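Input: a single structure, listed below in structure tokens.
Keep in mind the model is a prediction, meaning the values are calculated, not measured.
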Amino acid sequence: MQRKNGEIIWVRARARTLSPGDPFQLMVWTFEHLKDRVPSSSALTPKEREVARHIVNGHTSKEIGQAMGISPRTVEVHRASIMRKLGVHNAAELVTRMVIAS
């Protein structure tokens, strides 16, 4: 899902009808923000998931490192591991795969 400010976030959406006779007449929707979850990434560590979330939002390695309190080089190591695990060859493929998978 995309926030108003353009940031991409992961959510779980659920709906419940309040009118069983006509289920679409009155519904209640809830959205659960999944901060550290990325679809099709069960093999990723929590740090890799966090790095992947920042990559999808367009942050640089330096920005990611500052936000996570790690060095930009460590971010690059996580990025390489993510790309290897998901079978992608560049950041554009990574973002595309993650966004389409949602």
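Here OG1 of T74 is found 12.0 Å from CD1 of I64. Values are rounded to the nearest 0.5 Å. Atom CG in L94 sits 8.0 Å away from atom CZ in R79 (nearest 0.5 Å). With values rounded to the nearest 0.5 angstrom, Q66 atom CD is found 11.0 Å from H59 atom NE2. For the atom pair CG (D22) and OG1 (T17), the distance works out to 7.5 Å, reported to the nearest 0.5 Å. Going from atom CD1 of I9 over to atom CD of Q2 covers 10.0 Å, rounded to the nearest 0.5 Å. Here OG1 of T45 is found 6.0 Å from NE2 of H78. Values are rounded to the nearest 0.5 Å.
One hydrophobic cluster holds both V28 and L26 under the rule that ILVMFWY side chains link at heavy-atom gaps under 4.5 Å. Put simply, M27 and V11 are part of the same group of oily side chains (I, L, V, M, F, W, Y) that touch within less than 4.5 Å, one to the next. A continuous path of ILVMFWY side-chain contacts below 4.5 Å connects M1 to W29, so both sit in one hydrophobic cluster.
The residues E50 and K47 are annotated as not salt-bridged, no charged nitrogen and carboxylate oxygen being separated by less than 4.0 angstrom.
No donor-acceptor pair under 3.5 Å is formed between the side chain of E7 and the backbone N or O of R3. Of the possible donor and acceptor atoms, one in the side chain of R49 sits under 3.5 Å from a partner among the backbone N and O of L44.
Nearest heavy atom pair, residue E48 against residue S81, reads OE2-OG, 2.6 Å. Contact record, P23 with P20: CD-O, 3.8 Å, taken as the closest heavy-atom pair.
A heavy-atom distance below 4.5 Å is found between the side chains of N90 and E93.
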